[in-house]
2 protein chains.
Amino acid sequence: MAALSQKHDVFHAIADPTRRKLLQLLADGEWSVTAISKQFPISRTAVSKHLRILAEAGLVQKRKTGRETRYRLDPNPLCELKQWLSFYEQFWENKLAMLQHYVEIEKHVAEVTDMNKYKKNKQ
Amino acid sequence: MAALSQKHDVFHAIADPTRRKLLQLLADGEWSVTAISKQFPISRTAVSKHLRILAEAGLVQKRKTGRETRYRLDPNPLCELKQWLSFYEQFWENKLAMLQHYVEIEKHVAEVTDMNKYKKNKQ
DNA sequence: ATTTTATGAAACCAAATAGTTTCGTTTTTG
DNA sequence: CAAAAACGAAACTATTTGGTTTCATAAAAT
């Protein structure tokens with residue numbers, strides 16, 4: 001269900017370093033294609049194609065405003081990645097003491113997950 | 001040390017669905033190339049090449065025993081992925097609304113850093 | 001000693017990737 | 001209206017990818 005076998009999934013989308021940089025940039029807000037392109041050493045068309053791939057993976061959303069097309073981050077598909085990762089965390093959490101910081105996050109997640117059992121709808 | 005810019009990084013390694021299945025299989029223990037190949041519809045040589053890519057990314061380790069080469073999971077490089085992901089977790093509050101508690105810290109950082117350009121994208 | 005098994009290297013191939021340049025369309029600006 | 005700006009589609013190219021088959025080598029089994 002989460003693993004819809006579309007042409008461009010999240011794993012593929014984030015495999016490219018340029019696309020990861022695009023995501024990082026778009027975390028900052030909404031940008032037009034030209035504005036984005038100025039931050040990269042490749043052509044506008046190349047950037048545009050990367051954005052299309054990110055959009056197909058659901059990682060960005062586009063909005064037309066006049067002659068501009070603006071893109072913004074949509075991080076939701078990264079949940080699939082997180083789920084995938086979570087499976088492997090059991091294998092490393094005992095090994096790596098150096099990840100103190102991120103292990104802390106895990107603790108939080110674990111606590112929250114436990115809280116699910118008696119959660120009150122807060123929305 | 002984790003972020004060595006080698007030819008096959010973690011992001012690239014896990015982009016391929018076959019390689020993800022390999023990792024999943026190897027989570028189960030140590031397997032010889034032939035044993036692994038029997039679980040896949042592709043040739044042994046193809047599996048072998050995938051394993052090499054995984055090994056270059058540090059995600060599996062190999063051990064020769066007699067004429068066999070056995071591979072096993074090494075999840076440590078996934079930490080880089082986790083770190084990458086952790087940056088974006090602040091943005092997907094819909095899915096992990098319950099993490100608000102923790103995310104508050106991150107939001108503070110984000111606001112201070114990006115005060116000028118911060119835009120709220122409600123949907 | 002011979003054969004079988006396990007494996008990687010090499011050569012090859014089709015398709016996908018990441019990039020380019022060119023061109024047409026739409027919207028804004030002068 | 002005419003020119004410029006913003007963009008995507010299309011055609012083209014070089015490289016990478018994921019797969020194959022073939023072959024050589026080392027270890028195990030007969």
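Here the structure is a predicted model, which is why all the values come from computation and not from measurement. Within every chain, numbering begins at 1; the chains are lettered A, B, ... in the order of the sequence lines, protein sequences first and strands thereafter.
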With a non-hydrogen cut-off below 4.0 angstrom, is [X] in contact with a base, only sugar-phosphate, or nothing?
X: A:S32; answer: sugar-phosphate
X: B:Y71; answer: sugar-phosphate
X: B:T69; answer: sugar-phosphate

Item to complete: Test for a donor-acceptor pair under 3.5 Å between the base of C:dT7 and the side chain of B:R67, counting only N and O atoms.
Response: no

Practice prompt. Describe, in one word, how the ring planes of B:F91 and B:Y88 are oriented to each other, choosing from parallel (under 30°), tilted (30 to 60°) and perpendicular (over 60°).
Written response: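 Ring orientation, 0 to 90° scale: tilted.
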
From [options], nucleotide with atom closest to [X] side chain:
X: B:S48; options: C:dG8, D:dT20, C:dG19; answer: C:dG8
X: A:K49; options: C:dT22, C:dA18, C:dG19; answer: C:dG19
X: B:H50; options: D:dT20, D:dG19, C:dG19; answer: D:dG19
X: A:K62; options: C:dT20, D:dT21, D:dG8; answer: D:dG8

Worksheet item: Does OP1 or OP2 of D:dG18 have a side-chain N or O of B:R19 closer than 4.0 Å?
Response: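 The answer is yes; a side-chain N or O of B:R19 sits under 4.0 Å from OP1 or OP2.
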
Practice prompt. Determine: side-chain N/O of A:T34 to OP1/OP2 of D:dC7, distance under 4.0 Å, yes or no.
Written response: yes

Rounding to an integer number of Å, can you tell me how far [X] [atom1] sits from [N] [atom2]?
X: B:I36; N: C:dA6; atom1: CD1; atom2: P; result: 13 Å
X: A:I14; N: C:dA18; atom1: CD1; atom2: P; result: 13 Å
X: A:R52; N: D:dC7; atom1: CZ; atom2: P; result: 16 Å

